[in-house]
Enquirer: 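Below: one structure in structure tokens.
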Amino acid sequence: ARFHGNRRSGRWEPAGPRPPLAAMFADGTAPGADVESLWRSARSARCEAKSCQTEQISTAETAAQSHTSRDAAVQTDQSKDAVQDFQQEVQVDYTSLLSFLQRVEDSVIKELSKNWKSHAFDGFEVNWTDQNEAVLCLHTLSYPEAQDQNLQVTSVSWNATGSVVACSYGRLDGGDWSTEKSYVCTWNLDRRGLNPQHPDLVVDVPSSVMCLAFHPSQPSLIAGGLFSGELVVWDTSRTEDPVIWRTGMTDDTHTDPVYQVNWLPDAKHGNHSRLLSVSTDGKILVWREERDGRLALAEGFAMVAQQIPRSTQLKKFTRGETAVGVTSLSFSHFDPCVFVVGVEGGCSLKCSTAAETLALPPTGNSVPLRAPAELAFSPHGGPVYSVSCSPFHRRVLNLFLSCGTDGQVHLHSMLQTQPLISLQLSKKYLFCVRWSPVRPLVFAAASGEGNCNKCFCVIGDVYLFDFEKSSQKPAVSIKQAAGEHPVYCLEFNTKQTRLLAAGDATGTVKVWQLSSDFTEQGPREVNCLEQLASEVTD
Amino acid sequence: AEVEETLKRIQAHRGVVATIVINAEGIPVRTTLDNSTTVQYAGLLHQLTMKARSTVRDIDPQNELTFLRIRSKKHEIMVAPDKEYLLIVIQNPCE
């Protein structure tokens, strides 16, 4: 047995019989106390048994799906009468208006009379921009590959925003059916890092491009007429194949090279434009765009010798049904139905799109061609290469210029056959003449080739003429290229009015910046032009 | 009728190209030009007249704009201002 208790041993002794001590302590067991458990009976007396259960949850399955949708776009049409007549709608108090006018009338009349007699501003001119005296060559652009192939610049065109110039390479002196490749190159002059030898875009064309025209409002569309008689429209914003429309070689296509292509606003279809092409096969064709990238013939005109109205002075035409080759065309800016064409026979003709008579003989085109000529003007001594209608002239007295291989520029009024002014600019052929878009009295002409009698002609390739300064000789002659290289085409930039682009036979396009006197309109210029026109007719 | 007479007299003066009357809000009330040109002149000249008027008042609060003339290369524009209306006359002065 172990004892747990005090360590001090010795107190307790191992149990054994001991002598009885005082009987204070005795062993005994006591019965325990018992409490009876009542919980089971109590439970049944006081409690009840209950149970609960959730009811069945009702469920149902359904599915939902959005409806099929369709896209639709809405665009308002540009209405013609956008601005309503406001005068009836504004509520006007007549009495107050009348009293205002009565108060003001006298002082206004006094000012008007004073102004009419005033000499205060005579000879007073303000210079808002820096006066720039000389004509500078800003850029000399070329495409070396085309130059290596001895290609010439046949046409230049500025785009709708005035920042991109495009030129077409081809040959103007290739007589035979040429299968030479050619190029259309564009340069963006407003870009930094313009590399004049490296065009921004080069389009390879299987045949020679003879003429180019940028779309008047969409800056990336450009149309070109080919040596093969086809028309192609390129979209310069497309990086892959830029061709978007072409006429292809159908029965309707021209059988001779296309020398001029123009965009026409299409009156019926709002934004769509039509293309007009002019060729020496005598036909002037208007094309519309079809869905599959084709250009289809919409209407057309044919110039036939016997249908050209003859005045008693003109005896130059061969009789019969020979086609008369058309080399250039210009629409009148005031009457969209009237246009002037220049023909190989040397005269210019006034024509109308509203002409009804059919051309003879009936050509094999899908659309019957009409004979548009109304009036023949007195001829040049050689084929007419370029005509240009003045954008400034008011009223009916429309003016246009024509130039040709006789080195002369004729200023004609559309009302009479004799020219108003006939200028012998040079002994060389004149390839292109254009009116300035800002100054009514200024035009530019491009010349070259031909026999030049050096004693007589002014050395130069691009002539700028100003009727205000002199009606006999050019104001400025610009030499474009060293040597005797003709300049074939030129175009004024209508947005940046100082720029003039000219392309020549060496394959370069030069962008000239004109001096301020060529770009700022004088106060009475349009009146001077009218006076010039009327004093010569008298 | 008298309104038209007065305007006709002004319009018939030598060199006058156009006459426009606009109200205080810049809305044309009478004009001899086509709608779009009139609206353009009305908007621009109304703003310019208000600016001119406030310029005169800023320099001297006792002063008031009586007449505004703009001379350009091609013609002279005269504006007679008022509390409720503005009369604009465009004249081609004799050179």
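Below, read A as the first sequence line, B as the second, and so on, with proteins coming before strands; counting in each chain starts at 1.
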Enquirer: According to salt bridge (charged side-chain N to carboxylate O under 4.0 Å, His left out), does anything in residues 82-92 of chain B pair up with another residue at least two apart or in another chain? List the pairs.
Expert: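 Output for this query lists A/R103-B/D82.
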Enquirer: Only one of A/T353, A/V340, A/V338 passes side chain to side chain contact (heavy atoms under 4.5 Å, CB included) with A/F331; say which it is.
Expert: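 The residue from A/T353, A/V340, A/V338 that satisfies side chain to side chain contact (heavy atoms under 4.5 Å, CB included) with A/F331 turns out to be A/T353.
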Enquirer: Would you say that B/T31 contacts B/V21 through its side chain, given a criterion of any heavy-atom pair below 4.5 Å between the two side chains?
Expert: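 Not touching, per the 4.5 Å side-chain cut-off.
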Enquirer: Could you work out, with side chain to side chain donor-acceptor pair (under 3.5 Å) as the rule, every residue matching A/T494, not counting sequence neighbours?
Expert: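 Counting only residues at least two positions away or on another chain, A/T494 forms no side chain to side chain donor-acceptor pair (under 3.5 Å).
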Enquirer: How about residues 3-18 of chain B versus chain A: which residues have heavy atoms under 4.5 Å apart?
Expert: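 If one takes a 4.5 Å heavy-atom cut-off, the residues of residues 3-18 of chain B near chain A are B/V3, B/T6, B/L7, B/R9, B/I10, B/H13, B/R14, B/G15, B/V16.
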Enquirer: With no hydrogens and no angle check, do the side chains of B/N35 and B/T38 hold a donor and an acceptor under 3.5 Å apart?
Expert: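 Per modelled atom types, B/N35 and B/T38 side chains form no pair under 3.5 Å.
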Enquirer: Please identify each residue that fulfils side chain to side chain contact (heavy atoms under 4.5 Å, CB included) with B/I70, with sequence neighbours left out.
Expert: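 Checked B/I70 against side chain to side chain contact (heavy atoms under 4.5 Å, CB included); matches are B/L45, B/L48, B/I77.
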